[in-house]
Amino acid sequence: MLDYKVRRVVESDRVDILEMARRTWGGHDYMPAQLHGWMRSRKCRLVGIEVKDHLVGMANLHLIDLGKTGWMEGLRVHPKYRKKGLARVLTQALVNEGIEAGVERLRYTTDSSNSASISLAHGIGMNVKTKMGVFWKGSLKRVKRGGVREPPVPVRPASARALLKEAGTLFSDRLIVHDWKAYDFSAEGIAQVVKQSEVYIGRKEGKIDSVTFGTERVEGGEGGWSITIYAESQQAFLQAVYSQILLAKEKVSPFVMGIYPMQFRDILLEQRWIPKWTQDFAILLFEKDMRPR
Ligand SMILES: CC(C)(COP(=O)(O)OP(=O)(O)OC[C@H]1O[C@@H](n2cnc3c(N)ncnc32)[C@H](O)[C@@H]1OP(=O)(O)O)[C@@H](O)C(=O)NCCC(=O)NCCS
């Protein structure tokens, strides 16, 4: 039986945490870029597992939506200590933190191939609330396509909120999933996503037919361009995809990570440059209702 201790993460755990990140996803972990902010934020509750004086696992509960949502993120277990039930312990610890903080719901996203994550979500009674497609594309220079005729245009934050409301029908499940986070399609959620991203609006005959969110995303020390595209039609979707790729090229981004509604999967996969391995890749948003019955 493994002798471990569950406790809050402290500054001196940083070396152990970075070591875990270095050994995660071939060193392409986004977590080190977030760690500093998480450790300093009063909205974050970072829980760790200590074995033999070293931190070998961690997870963060981020209180968002004015404290209504407990966002679960950054779950990591050192490879040497995996498959011993430690992630399950950490997940339960986040549930306990959520109860203590009085959140109305717990949420998290994971990719559809992460069976450990999915099993952990089911283990605490979470359900899938939405599913979105996702792709990564590096070597952008090789992506060729004729000019985008009516490229979506960037809009200022002050007007983005009203425009998003105007484009409400594009968000059929009343959620915005961007950069692996989920925001409610409410005044609060919209304000948050607008604060954290650039917004691009596409139009056809005056009517909004696509909304794109874009944010810098650091993975493994590389800053790529993370986008989410909601669109009315395949044509509007492709216009937005190609104009964002052009933009990422201008920014000299090494990669684009794109999230999109599942109805655009087929048309996206027809694009020759889409890596085959992204074909079955999707983001699952899990949710657990924490309101007392
Ligand atoms: C995902 C991760 C946190 C799991 O940690 P862990 O301590 O090995 O997990 P546990 O031992 O608590 O196992 C939890 C469940 O996942 C299952 N599981 C663990 N690793 C698995 C794997 N590689 N493949 C399939 N199932 C796996 C276990 O069987 C268990 O399910 P069960 O109780 O239904 O049998 C760890 O593998 C990790 O750090 N991975 C890299 C980062 C990551 O993917 N984080 C989660 C998404 S943000």
Side-chain angles (χ1 to χ4, degrees), residues 1-7 9 13-35 37-39 44-52 54-64 69-98 106-134 136 177-182 217-221 224 226 257 259 277-278 280-288:
M1 180 64 190
L2 192 63
D3 194 12
Y4 64 82
K5 190 162 92 185
V6 180
R7 62 164 174 81
V9 169
D13 292 321
R14 198 179 281 268
V15 174
D16 289 335
I17 293 175
L18 293 180
E19 173 62 11
M20 271 187 271
R22 205 177 55 78
R23 290 162 166 261
T24 298
W25 299 320
H28 290 275
D29 196 350
Y30 71 92
M31 191 259 280
Q34 302 289 324
L35 186 62
W38 289 350
M39 289 184 95
C44 289
R45 295 174 171 221
L46 270 166
V47 179
I49 287 201
E50 183 185 310
V51 176
K52 295 183 196 152
H54 281 284
L55 207 79
V56 301
M58 63 157 275
N60 186 30
L61 189 74
H62 203 147
L63 303 176
I64 58 169
T69 304
W71 184 260
M72 301 162 77
E73 60 192 352
L75 175 66
R76 304 285 180 271
V77 171
H78 190 288
K80 253 173 70 183
Y81 291 92
R82 286 183 188 164
K83 300 219 174 156
K84 298 180 194 306
L86 295 187
R88 212 164 271 289
V89 172
L90 283 163
T91 302
Q92 188 54 49
L94 291 195
V95 174
N96 298 344
E97 292 286 347
L106 292 174
R107 280 182 175 169
Y108 84 82
T109 49
T110 190
D111 82 70
S112 53
S113 67
N114 197 329
S115 15
S117 249
I118 293 168
S119 156
L120 288 163
H122 289 314
I124 57 163
M126 289 184 126
N127 294 310
V128 175
K129 196 160 160 65
T130 195
K131 180 176 175 183
M132 302 277 284
V134 59
W136 276 262
V177 177
H178 176 51
D179 204 33
W180 293 82
K181 294 223 165 38
R217 177 180 179 83
V218 178
E219 287 182 3
S226 164
M257 190 200 81
I259 296 176
W277 63 271
T278 66
D280 301 319
F281 228 74
I283 293 184
L284 302 176
L285 169 66
F286 281 97
E287 182 173 286
K288 179 180 170 67

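Counting starts at 1 for both ligands and their atoms, in listed order.
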### Task
Could I get the full list of ring pair (Phe, Tyr, Trp, His ring centres under 6.0 Å) partners for H28, not counting sequence neighbours?
none
### Message
Given H78, which partner from the list L55, V56, L86, T24 fulfils the side chain to side chain contact (heavy atoms under 4.5 Å, CB included) test?
### Response
V56
### Message
For F281 and W136, I'd like to know if the aromatic rings sit close, meaning centre-to-centre distance below 6.0 Å.
### Response
yes
#### Entry: Within the 4.0 Å heavy-atom sphere of ligand 1, strictly under, residues
T24, W25, L75, R76, V77, R82, K83, K84, G85, L86, A87, R88, N114, S115, A116, S117, S119, L120
#### Entry: Qualifying residues under side chain to side chain donor-acceptor pair (under 3.5 Å), relative to D179, sequence neighbours excluded
R217, S226
### Message
Counting only heavy atoms from other residues, nucleotides and ligands, does the tally under 6.0 Å from OH of Y4 exceed 12?
### Response
no
Name each donor-acceptor pair under 3.5 Å that joins a side chain in residues 115-133 to protein atoms two or more places apart or in another chain, with its distance.
unit_1, atom_1, unit_2, atom_2, d
S117, OG, T110, OG1, 3.1
S119, OG, R88, NH2, 3.1
T130, OG1, D173, OD2, 2.5

